[in-house]
Amino acid sequence: MKAQEQLFDPRKSSRQKYAELVVGQSSLGALIKYELIVMLAQARSGALGLALRKALYPALLGSCGPNAVFGQNVVLRHPHKIHVGENVVIDDNCLLDAKGETNRGIRIGNGVFVGRNTILSCKNGDIDLADGSNIGFNCELFSASRVSIGRDVLMAAYSYVIGGDHDFSDPSKSVLAQSRTSAGVTIGDGVWIGAGAKILDGVTLGEHAAIGAGAVVRESVPASAIAVGIPARVVSSRD
């Protein structure tokens, strides 16, 4: 369903629409808890804000390990489907959106760093960040089915992982009016993705592959290969 259809559905109250889009749970108690924690902690600056989010955000999450740090203005949507490991840093202004009716949501492993202004966005899909992965600032990971990021992956700033696409086969209809498709994206352990690279739906990056800055990856890349360009092509191997 398009966001506009959800936002302007005349059959539902404003509270119902807000709860479905943001909180992900319909009960009044879940809504009140979400609102209180957001009001008290989300925008609070300085050490007090860090302490409040460290104490309060785990109450919204599906699970949260020790020593998780949440920066200022970190936004959580459908937080009960977000699971955070230990020693995790979610920097300022990030959005973690686990929205969906049948998905598992977002799972963040131990020792993960998510840079400021980064978006993890589910459209009824799942996002998994394995232990030690490092996501730079202003990145976006979008999943309409499955996006899996392996251990110790380094993703530089302004990179995109796009785990979904649109059917545009009917020229008589707008793309927006046609169905969404998704094959998912798998990024193996130890991969390095250069700044501004875009990993498109259906791609697998083998372990320890390296993707050049600004590359557009439309096809899978073997383990330890170095791929650059638009569209990306393998030019060398780290072996």
Undergrad: Which ILVMFWY residues can you reach from Val216 by hopping between side chains whose heavy atoms are under 4.5 Å apart?
TA: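 The other cluster members (ILVMFWY side chains, heavy atoms under 4.5 Å, direct or chained) are Tyr160, Ile162, Leu200, Ile230.
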Undergrad: Which heavy atom of Ser182 sits nearest a heavy atom of Gly163, and at what distance?
TA: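 Answer, listing the atom of Ser182 first, then Gly163: OG-O, 2.8 Å.
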Undergrad: Report yes or no: do Ile106 and Val38 belong to one cluster of Ile/Leu/Val/Met/Phe/Trp/Tyr joined by side chain heavy-atom distances under 4.5 Å?
TA: yes
Undergrad: Could you see if Leu95 belongs to whatever hydrophobic cluster contains Met39? Use Ile, Leu, Val, Met, Phe, Trp, Tyr and a side-chain cutoff under 4.5 Å.
TA: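 No, Leu95 and Met39 fall in different hydrophobic clusters.
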Undergrad: Got a sec, which pairs hit ring-ring contact (aromatic ring centres under 6.0 Å, His included) with one end in residues 125-145, sequence neighbours left out?
TA: Phe137-Tyr158
Undergrad: Just how far is it from atom CD1 of Ile135 to atom CZ of Arg116, taken to the nearest 0.5 Å?
TA: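 One finds 14.5 Å between CD1 of Ile135 and CZ of Arg116.
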Undergrad: Is it true that atom CZ of Arg146 has more than 12 heavy atoms of other residues, nucleotides or ligands lying nearer than 6.0 Å?
TA: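 Count over threshold, so yes.
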Undergrad: Distance-only, no hydrogens or angles: does the Asp92 side chain make a donor-acceptor pair with backbone N or O of Gln72 under 3.5 Å?
TA: yes
Undergrad: Holding to side-chain hydrogen bond (donor to acceptor under 3.5 Å, both in side chains), I want the full list of residues that pass it with Ser27, two or more places apart in sequence or in another chain.
TA: none
Undergrad: Give every donor-acceptor pair under 3.5 Å between a side-chain atom in residues 187-198 and any protein atom, sequence neighbours left out.
TA:
from	atom 1	to	atom 2	distance (Å)
Asp189	OD1	Arg151	N	2.8
Lys198	NZ	Gly196	O	3.4

Undergrad: Quick one: ring-ring contact (aromatic ring centres under 6.0 Å, His included) pairs with a partner in residues 44-100, sequence neighbours left out?
TA: Tyr57-Phe70
Undergrad: Ignoring hydrogens and angles, state whether a donor on the side chain of Asn67 or Asn87 is under 3.5 Å from an acceptor on the partner side chain.
TA: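 Checked: Asn67/Asn87 side chains pair up, N/O donor to acceptor below 3.5 Å.
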Undergrad: Could you grab the distance from atom CD of Gln25 to atom NZ of Lys81, nearest 0.5 Å is fine?
TA: 9.5 Å
Undergrad: Assigning hydrophobic clusters by single linkage (Ile, Leu, Val, Met, Phe, Trp, Tyr; side-chain heavy-atom cutoff under 4.5 Å), is Ile108 placed with Val69?
TA: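 No; tracing contacts between hydrophobic side chains, which count when under 4.5 Å, never links both residues.
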Undergrad: Residues in salt bridge (Lys or Arg N to Asp or Glu O under 4.0 Å) with Asp152, at least two apart?
TA: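 Result, salt bridge (Lys or Arg N to Asp or Glu O under 4.0 Å) vs Asp152: none returned.
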Undergrad: Return the CD to CG distance between Glu86 and Asp131, rounded to the nearest 0.5 Å.
TA: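 If we round to the nearest 0.5 Å, Glu86:CD and Asp131:CG are 8.5 Å apart.
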Undergrad: For the CG atom of Asp91 and the OG1 atom of Thr118, what is their distance to the nearest 0.5 Å?
TA: 8.5 Å
Undergrad: Under the 3.5 angstrom rule, does the side chain of Asn134 hit a backbone N or O of Leu154 as a donor-acceptor pair?
TA: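 Not confirmed, Asn134 side chain does not pair with Leu154 backbone.
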Undergrad: Given Arg77 and Ser121, is the side-chain hydrogen bond (donor to acceptor under 3.5 Å, both in side chains) satisfied, shown in steps?
TA: CA-CA 9 Å; Arg77 293 181 183 165; Ser121 177; over 6 Å; no
Undergrad: Without swapping roles, check the side chain of Tyr34 against the backbone of Leu76 for a donor-acceptor pair under 3.5 Å.
TA: yes
